[in-house]
Asks: 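My questions will all concern the structure given below.
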Amino acid sequence: MGLLEGKTALVTGGGSGIGLASAVRLAAEGAHVFITGRRKTELDAAVEAIGSAATAVIGDISDLADLDRLYETIRSRGRGLDVLFANASVAEFVPLEQVTEEHFDTLFGINARGTLFTVQKALPLLNDGASVILNGSTNVDVGAEAFGVYAATKAATRSFARTWANELKGRGIRVNTVTPGPTDTPGLSGLAPDSEQAAGLRRHLATQVPLGRLGRPEEIAAAVAFLASEQSSFITGSSLYVDGGLNQI
Ligand SMILES: NC(=O)c1ccc[n+]([C@@H]2O[C@H](COP(=O)([O-])OP(=O)(O)OC[C@H]3O[C@@H](n4cnc5c(N)ncnc54)[C@H](OP(=O)(O)O)[C@@H]3O)[C@@H](O)[C@H]2O)c1
């Protein structure tokens, strides 16, 4: 028996990286997993990898009509929602003096606003005892250069998790943040302008991590499965660091 037999889960940004690994893991634990994202090719490949335990709905979490369509699809399955992993985010290096309105609005529009409405619009579907997991970042605790707007969006996410844990406790709904350190994903490599610089970035980040390497998406997914399941039944409002010790020692 898996940890999530008979449960229904949603992973936003489930077509790649940490979201994909989490969708695979939640399905392996017995859940039916809905995934969403903007790119059809990635979602189709994810469904092919996971099989009949996955349903893809194309959409943008910053578009409220797309969220309505997503939740209508989940509602029509008739089993509510037991696990929501609000994972979709975007990141970009931009130093303070070069921050534009567009950069600010895009990152806050997806990472903070999109996450809020992803969770708000899920509320009528969430079953009592559901688990909501937000994807944070170790960057909330440090001042990494040129990452100020991204880090601020993740600080908002961390704050949301505390508030929502309080607001939803009456329904037995737990809300936590999973906080990955640098993890080897297309999103991480995409921070660099080309593949050579991406390899340099990955090498540099690995040297910063006490365990001496980047995280693997599957290692973040293991923490997501834990937070999603009854194994974490007394944990809410928390942030679970999966960072190879980066922010700990
Ligand atoms: N990798 C790391 O080192 C690291 C560290 C700390 C935290 N994180 C967090 O982990 C999460 C996943 O990142 P990742 O590294 O796995 O990056 P990734 O491979 O780029 O995955 C991000 C996913 O989010 C989706 N997405 C982005 N904007 C979206 C939108 N507006 N609507 C719907 N889906 C959207 C993307 O799909 P589409 O482009 O197709 O929409 C993509 O599938 C993010 O929250 C990130 O901040 C990552």
Side-chain angles (χ1 to χ4, degrees), residues 10-25 33-47 49 56-67 69-71 84-93 105-119 121 133-142 144 147 149-158 160-161 177-192 198 201-202 204-206 208-209 213-221 223-224 239-244 246-247:
L10 166 64
V11 179
T12 65
S16 68
I18 291 167
L20 173 59
S22 299
V24 168
R25 178 64 189 266
V33 184
F34 288 86
I35 55 174
T36 193
R38 297 165 298 180
R39 288 169 300 169
K40 183 175 183 331
T41 316
E42 272 68 11
L43 292 181
D44 286 349
V47 169
V57 181
I58 294 174
D60 182 337
I61 61 156
S62 65
D63 181 330
L64 301 195
D66 280 4
L67 286 175
R69 205 167 35 78
L70 166 67
Y71 286 124
L84 167 55
F85 182 28
N87 160 76
S89 282
V90 288
E92 192 186 358
F93 289 133
D105 291 347
T106 300
L107 266 66
F108 268 88
I110 294 174
N111 302 5
R113 179 181 179 277
T115 295
L116 184 147
F117 288 108
T118 295
V119 176
K121 286 180 173 287
I133 302 147
L134 310 183
N135 204 334
S137 168
T138 46
N139 284 290
V140 300
D141 302 327
V142 296
F147 230 24
V149 174
Y150 171 78
T153 67
K154 292 298 181 174
T157 300
R158 175 70 190 99
F160 283 155
T177 304
V178 66
T179 303
T183 306
D184 197 358
T185 66
L188 182 76
S189 295
L191 288 169
L201 175 66
R202 287 196 301 271
H204 167 71
L205 290 171
Q208 311 293 302
V209 176
R213 62 174 176 82
L214 300 180
R216 296 187 299 273
E218 295 74 20
E219 294 176 304
I220 315 304
V224 171
S239 177
L240 176 52
Y241 283 77
V242 190
D243 67 351
L246 180 64
N247 283 26

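Read the numbers this way: they start at 1 and go in the same order the structure lists the ligands and their atoms.
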Asks: How far is atom 17 (O) of ligand 1 from its nearest protein heavy atom, and which residue and atom name does that atom have?
Replies: Gly187 CA, 3.5 Å
Asks: Any idea which atoms of ligand 1 are less than 4.0 Å away from a heavy-atom of Gly17?
Replies: 16 (O), 19 (O)
Asks: Between Ser137 and ligand 1, is there a nitrogen or oxygen pair with a distance under 3.5 Å?
Replies: no
Asks: Assess the side chains of Ser89 and Lys154: does a donor N or O sit below 3.5 Å from an acceptor N or O?
Replies: yes
Asks: Run the salt-bridge test on Arg213 and Glu219 with the 4.0 Å N-O cut-off and return the result as yes or no.
Replies: yes
Asks: Among all protein heavy atoms, pick the one closest to atom 6 (C) of ligand 1 and tell me residue, atom and distance.
Replies: Pro180 O, 3.3 Å
Asks: Is there a side-chain contact between Phe85 and Ile18 (heavy atoms, below 4.5 Å)?
Replies: yes
Asks: With heavy-atom distances below 4.0 Å as the criterion, list the atoms of ligand 1 near Pro182.
Replies: 3 (O)
Asks: Is a donor from one side chain sitting under 3.5 angstrom from an acceptor on the other, for Thr179 and Ser239?
Replies: yes
Asks: Closer than 4.0 Å to some heavy atom of Ile110 - which atoms of ligand 1 meet that?
Replies: 28 (N), 31 (N)
Asks: Students should be able to answer this: which protein heavy-atom is nearest to atom 32 (N) of ligand 1, and at what distance?
Replies: Ile61 N, 2.9 Å
Asks: Give the atom numbers and elements of ligand 1 that come within less than 4.0 Å of a heavy atom of Ile18.
Replies: 10 (O), 16 (O), 48 (C)
Asks: When you measure from the side chain of Thr183 to the backbone N and O of Pro217, does any donor-acceptor pair fall under 3.5 Å?
Replies: no
Asks: Tell me, which protein residue and heavy-atom name are nearest atom 8 (N) of ligand 1, and how many Å apart are they?
Replies: Tyr150 OH, 3.8 Å
Asks: Find the distance between CG (Leu116) and CG (Asn111) and round it off to the nearest 0.5 Å.
Replies: 13.0 Å
Asks: To the nearest 0.5 Å, how far apart are CG in Leu70 and CG in Asp63?
Replies: 11.5 Å
Asks: Taking only heavy atoms of Asp60, which atoms of ligand 1 are found under 4.0 Å from at least one of them?
Replies: 30 (C), 31 (N), 32 (N)
Asks: Which protein non-hydrogen atom lies closest to atom 43 (O) of ligand 1, naming both residue and atom, and how far is it?
Replies: Ser16 OG, 2.9 Å
Asks: Can you tell me if Gly215 has a non-hydrogen atom under 4.0 Å from ligand 1?
Replies: no
Asks: Non-hydrogen atoms of Pro217 versus ligand 1: any pair closer than 4.0 Å?
Replies: no
Asks: Could you tell me whether Ser62 and ligand 1 have an N or O pair separated by under 3.5 Å?
Replies: no
Asks: Can you list the atoms of ligand 1 that are under 4.0 Å from a heavy atom of Val90?
Replies: 27 (C), 28 (N)
Asks: Purely on distance, is any nitrogen or oxygen of Arg39 under 3.5 Å from one on ligand 1?
Replies: yes
Asks: Is a side-chain donor-acceptor pair under 3.5 Å present for Arg113 with Ser62?
Replies: no
Asks: Under a 4.5 Å cut-off applied to non-hydrogen side-chain atoms, are Gln208 and Leu246 in contact?
Replies: yes
Asks: Let me confirm one number: the CG-CG distance from Leu205 to Leu188, rounded to the nearest 0.5 Å.
Replies: 6.0 Å
Asks: Can you name the atoms of ligand 1, numbered from 1 with element, that are less than 4.0 Å from a heavy atom of Asn135?
Replies: 9 (C), 10 (O), 11 (C), 45 (O)
Asks: Taking atom OG1 of Thr118 and atom CD1 of Ile61, what is their separation to the nearest 0.5 Å?
Replies: 4.5 Å
Asks: Could you tell me which atoms of ligand 1, counted from 1 in the order shown, lie closer than 4.0 angstrom to a heavy atom of Gly59?
Replies: 32 (N), 33 (C)
Asks: Indicate, as side chain, backbone, both or neither, the part of Lys154 found under 4.0 angstrom from ligand 1 when only non-hydrogen atoms are considered.
Replies: side chain
Asks: Indicate whether any N or O donor in one side chain lies under 3.5 Å from an N or O acceptor in the other, for Asp66 and Tyr71.
Replies: no
Asks: Can you pull out the closest protein heavy atom to atom 15 (O) of ligand 1? Residue, atom name and distance to 0.1 Å, please.
Replies: Thr185 OG1, 2.6 Å
Asks: Starting from atom 25 (C) of ligand 1, what is the nearest protein heavy atom, named by residue and atom, and what distance separates them?
Replies: Gly13 CA, 3.5 Å
Asks: Pick one: which of Thr157, Asn87, Thr177, Thr12 meets side-chain contact (heavy atoms from CB on, under 4.5 Å) with Asn135?
Replies: Asn87
Asks: Suppose we measure from atom 44 (C) of ligand 1 to each protein heavy atom; which comes out shortest, and what is that distance?
Replies: Asn87 O, 3.3 Å
